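As structure tokens, the structure follows; a few thoughts come after it.
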Amino acid sequence: MASSQKTQHFAPVDGGWGWMIVIACFFVTVCTRAVTRCISVFFVEFQSHFTEDYTRTAWIHSIVDSATMLCAPLGSFIGNRLSCRVVIIMGGVFASTGLILSSFATSLEYLYLTLGILTGLGFALCYTPAVAMVGKYFYRRKALAYGMAMSGSGIGTFILAPVVQFLIDQYSWRGALLILGGIVFNLCVCGALMRPITVTKDFIKSPELSEEELICKAQEKDSEEVSKFNKCSCFPSRTEYSFLLMPDFLLLAVSFLFLAYGCSPPFVYLVPYAISVGINHQEATFLMSILGIINIIGNITFGWLTDRRFLKKFRIFCYLLAVGMDGLSCLIIPVLRTFSLLVPFSVTFGYFDGAYVALMPVITADVVGVTQLSSALGVVYFLHAIPYLVSPPIAGLLVDSTGSYTAAFLISGASMIFSSSLLLFGNLVKKLRKKQEGPLPAESNPKLQIWNNSTVPYIVAGETDQKAV
């Protein structure tokens with residue numbers, strides 16, 4: 001039965017309360033992605049306290065990362081049917097509870113359950129809906145907005161890494177986890193800021209509609225369709241997965257698998273590797289802080305640059321450059337054995353990591369469209385789950401069996417370079433085919449068009465190089 005009060009939504013407004021959404025998403029990334037990265041600071045503490053090897057200890061970071069990504073579609077599903085406020089507040093409670101319970105851990109298996117599964121589930125419920133909301137509020141400045149929002153990961157790492165080390169020195173790892181649990185509880189505040197946006201039916205009046213008005217018209221129709229099924233949502237998109245049949249999305253998904261496998265081990269093993277080559281704990285932790293602060297610059301500068309008119313159509317190639325440079329950085333880690341040499345690695349890896357992280361939601365939106373962004377991001381982060389789960393333990397197994405970090409870092413770098421090369425090859429093949437086929441008729445290739453998939457209108461921007469199915 002249809003709801004008595006229909007929920008309608010604005011097109012991306014590129015400002016207003018959207019900046020509060022960016023701020024809220026910023027703190028969500030601080031409390032989720034930055035905290036996850038800082039678990040590597042606990043690595044040596046867990047290993048020495050429980051007297052375990054690298055492989056078993058690495059499972060903690062793997063499980064929390066994997067649970068965050070594996071449950072990402074669940075965050076999208078609940079957010080689409082209830083509201084992003086509800087799901088983020090729920091996730092904040094779960095994540096905080098998991099960290100607090102972890103402070104009482106008596107074994108690694110205990111940490112697998114609390115710090116890994118429960119905290120990871122909470123992060124999943126918060127992260128995907130928050131990231132998707134930014135895309136609903138911004139259109140022209142989407143890449144910049146995402147760059148600012150995702151910079152929370154870098155700023156959080158820069159601040160939290162030394163803070164966590166200080167807390168461990170002062171209160172032991174148990175006290176540090178307890179305090180982190182209190183910090184992460186602020187996710188509930190972020191959830192409260194996620195305000196749905198509404199529009200009156202007479203918002204569109206002009207016969208000659210601008211791009212924003214066209215999008216608004218499509219989203220208004222979409223919300224009317226959703227209200228027939230009584231799906232109250234703070235997102236204007238339907239929870240459909242037709243994009244899974246799009247060749248462009250399938251290619252993007254496969255490349256994400258290799259990217260996810262390669263990007264996790266450097267965060268897990270940078271601090272242990274630095275300590276193993278004779279660098280003290282404070283300097284090793286400071287490497288993570290450097291990586292984090294440079295990550296911010298990558299987030300914002302790449303976001304701003306790719307919003308420029310002359311680069312907007314080349315967003316995908318900017319993303320490929322960032323991923324490839326991160327891969328090259330990983331390949332040279334084994335020859336960097338002093339603090340002064342590892343600092344340039346942290347700078348390079350941190351900058352390009354921030355660059356591609358900021359562009360991931362943007363290029364996903366370019367491929368699937370803004371109306372399916374929430375569901376698409378859920379699938380994208382879900383695809384990260386298995387690589388995040390297995391890559392740190394595999395790297396730990398290589399360290400245990402070889403007595404060196406070389407193989408682990410080389411495989412990590414090669415995986416990221418392959419991810420970039422695969423997507424580059426696919427895009428070049430696509431462009432060659434288009435040249436051979438010739439230009440499309442004018443009526444079938446407007447700059448902006450509204451098309452239907454079943455009964456729901458979708459927007460396809462000409463600059464995103466998409467085709468209607």
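Keep in mind that the numbers below use all heavy atoms, side chains included, and drop hydrogens, waters and symmetry copies. All residue numbers refer to positions in the sequence shown, counting from 1. As the structure is a computational prediction, the values presented were derived from the model and not from experiment.
In this structure, the side chain to side chain donor-acceptor pair (under 3.5 Å) partners of T285, at least two apart in sequence or on a different chain, are Q165. For I275, the side chain to side chain contact (heavy atoms under 4.5 Å, CB included) criterion is met by V44, V271, H281, A284, not counting sequence neighbours. Y405 pairs by the side chain to side chain donor-acceptor pair (under 3.5 Å) definition with Y54, not counting sequence neighbours. With sequence neighbours left out, S340 forms a side chain to side chain donor-acceptor pair (under 3.5 Å) with T338. Scored by the side chain to side chain donor-acceptor pair (under 3.5 Å) test, D400 finds T55 as partners (sequence neighbours excluded). With sequence neighbours left out, the side chain to side chain contact (heavy atoms under 4.5 Å, CB included) criterion links T402 to S404. Residues forming a side chain to side chain contact (heavy atoms under 4.5 Å, CB included) with I297 (at least two apart in sequence, or on another chain): I294, T301, Y351. A search for ring-ring contact (aromatic ring centres under 6.0 Å, His included) contacts involving W59 returns nothing, not counting sequence neighbours. Residues passing the salt bridge (charged side-chain N to carboxylate O under 4.0 Å, His left out) test with E109 are R56, sequence neighbours excluded.
Note on residues 329-349: pairs passing ring pair (Phe, Tyr, Trp, His ring centres under 6.0 Å), not counting sequence neighbours, are F267-F349, F345-F349. Applying the side-chain hydrogen bond (donor to acceptor under 3.5 Å, both in side chains) test to every pair with at least one member in residues 255-279, sequence neighbours left out, gives no pairs at all.
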Without placing hydrogens or testing angles, list every side-chain donor-acceptor pair under 3.5 Å for residues 356-365, not counting sequence neighbours.
from, atom 1, to, atom 2, distance (Å)
Y356, OH, D353, OD1, 3.0
T364, OG1, M360, O, 2.7

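Put simply, the side chain of L118 does not reach to within 4.5 Å of the side chain of L113, judged on heavy atoms. At least one side-chain heavy atom of L423 sits under 4.5 Å from a side-chain heavy atom of L251.
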